[in-house]
A.B. asks: 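The structure under discussion is supplied below as structure tokens; questions concerning it will follow.
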Amino acid sequence: VEGLEVHRIEDEPSHGPDAHQLARYLNEYKKPLLTDVDTRALTQYLRDRGTQRAVLAPESSAPKEALRQLDTYDLTDAVYQVSTPSAYEIPGSGPRITVMDYGVKNSILSELGRRGAAITVLPASSTPEDMARTRPDGVVLSNGPGDPASIPGVLPGVRHAIDHYPTLGICLGHQLIGLAEGGQTYPLKFGHHGANHPLFDHRSGRVLITSQNHGYAVEADALKDRYTVRMSHLHDETVEGLEHKSRPVLSVPSQKPLTNGPTGLPYAFSPASG
């Protein structure tokens, strides 16, 4: 959380386990707090207009510079800024998994390691030749920030993964698979952020409750000769996962559902089964 807006805030902690006031807690971590906001009206405003860019600044200061920067706000290079600057390895005794780091979460690497994978993490700028040199049994295209259409330089690597290895795309990786296969992406009016996002798994017939954080979706009509829609969002019916009809290629919107138990998602790669 980088800022909090609330209708009102209590002066004293409201339940026993509280250590101190919320306002004091935010102040300690230098996080801005705006109170006396009509949050219901703000919600209705956003419902009509969709996700907005905004500036939160002290009333005493004129936020002209912040507003100017907002007009030129650009996430084009965000993936390259958050990606690892150089390749590294995480030892394991299982299948060799190459992870394309577009902003990979540590939890994804942990989940792969927990399954015994020998992991090679490559920078987003890596070439198909760089990927081939890792000799992977499978490739994971990671999550990451920004507009997937703004980073066409990574698509040759995505295409190489799809053509040569069992491939799992997560979040941004899902969107990049769509683009590499000739589909389109588009910005959502309301991004999917936070917990409790319900997904319908068309193969199992189950509903998965997931945690998500993305602002773009895949238009999959151009892909349906090769892919089936594996998952769709039950709130806005957007495509949240794709599965190739004949090859071991799968994409999902988030690392794993919040619900307990088996998910049916193939996080364990092998050359035989993908």
Side-chain angles (χ1 to χ4, degrees), residues 1-6 22 25-26 29 31 39 43 46-47 50-52 75 78-79 82-84 90 97 99-115 117 119 121 124 139-148 167-178 185-218 220 229-243 249-269:
V1 173
E2 294 300 327
L4 179 65
E5 297 184 14
V6 295
L22 177 59
Y25 177 85
L26 293 169
Y29 289 93
K31 304 296 182 182
T39 50
T43 299
L46 294 173
R47 281 178 183 167
T51 301
Q52 303 286 302
L75 286 176
V79 162
V82 300
S83 179
T84 178
I90 301 173
I97 304 300
V99 177
M100 296 304 300
D101 179 7
Y102 308 127
V104 66
K105 296 178 181 178
N106 287 333
S107 56
I108 292 175
L109 301 178
S110 297
E111 290 292 328
L112 291 170
R114 200 162 61 85
R115 289 160 172 78
I119 305 166
V121 182
V139 173
V140 172
L141 309 171
S142 85
N143 62 290
D147 182 353
T167 301
L168 172 66
I170 301 175
C171 197
L172 179 64
H174 152 68
Q175 298 158 7
L176 292 174
I177 287 175
T185 56
Y186 61 93
L188 295 165
K189 182 178 181 180
F190 304 104
H192 297 161
H193 305 290
N196 297 329
H197 287 269
L199 300 188
F200 182 68
D201 185 336
H202 293 268
R203 174 190 281 186
S204 69
R206 298 173 65 221
V207 174
L208 307 177
I209 304 302
T210 67
S211 174
Q212 299 190 15
N213 185 29
H214 61 257
Y216 293 84
V218 174
V229 175
R230 174 68 185 267
M231 295 183 186
S232 55
H233 200 294
L234 290 178
H235 286 166
D236 57 16
E237 299 183 351
T238 52
V239 174
E240 293 277 351
L242 297 166
E243 187 169 17
V249 179
L250 177 73
S251 66
V252 294
S254 57
Q255 183 205 345
K256 65 177 182 177
L258 298 175
T259 50
N260 294 325
T263 67
L265 302 183
Y267 282 112
F269 287 101

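Bear in mind the structure is a predicted one, so any value in this text is a computation, not a measurement.
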A.B. asks: Minimum heavy-atom separation for Ser83 to Ala124, with atom names?
C.D. replies: OG-N, 2.9 Å
A.B. asks: Whether the side chain of Ser142 engages the backbone of Tyr102 through a donor-acceptor N/O pair (distance < 3.5 Å, no angle test) should be reported.
C.D. replies: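 Checking the backbone N and O of Tyr102 against the side chain of Ser142, a donor-acceptor pair under 3.5 Å is found.
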A.B. asks: Short question: side chain of Ser251, backbone of Leu242 - any donor-acceptor pair under 3.5 Å?
C.D. replies: yes
A.B. asks: As an exercise, state the distance from CG of Asp236 to CZ of Phe190, rounded to the nearest 0.5 Å.
C.D. replies: 10.0 Å
A.B. asks: Any chance you could measure Leu199, atom CG, to Thr238, atom OG1, to the nearest 0.5 Å?
C.D. replies: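 Separation between the atoms: 8.0 Å.
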A.B. asks: Quick one: CG on Leu4 to CG on Leu22, what's the gap to the nearest 0.5 Å?
C.D. replies: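 Rounded to the nearest 0.5 Å, the CG-CG separation comes to 6.0 Å.
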A.B. asks: Between the side chain of Asn143 and the main-chain N/O of Gly103, is any donor-acceptor distance below 3.5 Å?
C.D. replies: yes
A.B. asks: With sequence neighbours excluded, tell me which residues meet side chain to side chain donor-acceptor pair (under 3.5 Å) with Asn213.
C.D. replies: His193
A.B. asks: Quick one: CD on Glu240 to CZ on Arg230, what's the gap to the nearest 0.5 Å?
C.D. replies: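 Answer for the CD-CZ pair, Glu240 versus Arg230, is 13.5 Å.
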A.B. asks: Among His233, His174, His235, which one satisfies ring-ring contact (aromatic ring centres under 6.0 Å, His included) with His192?
C.D. replies: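 Single pass found, and it is His233.
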A.B. asks: In Å, rounded to the nearest 0.5 Å, how long is the span from OG1 of Thr185 to CG of Leu176?
C.D. replies: 8.5 Å
A.B. asks: Below 30° counts as parallel, above 60° as perpendicular, anything between as tilted: where do the rings of Phe200 and His202 land?
C.D. replies: perpendicular
A.B. asks: Just by distance, do the side chain of Thr39 and the backbone of Val6 share a donor-acceptor pair under 3.5 Å?
C.D. replies: no
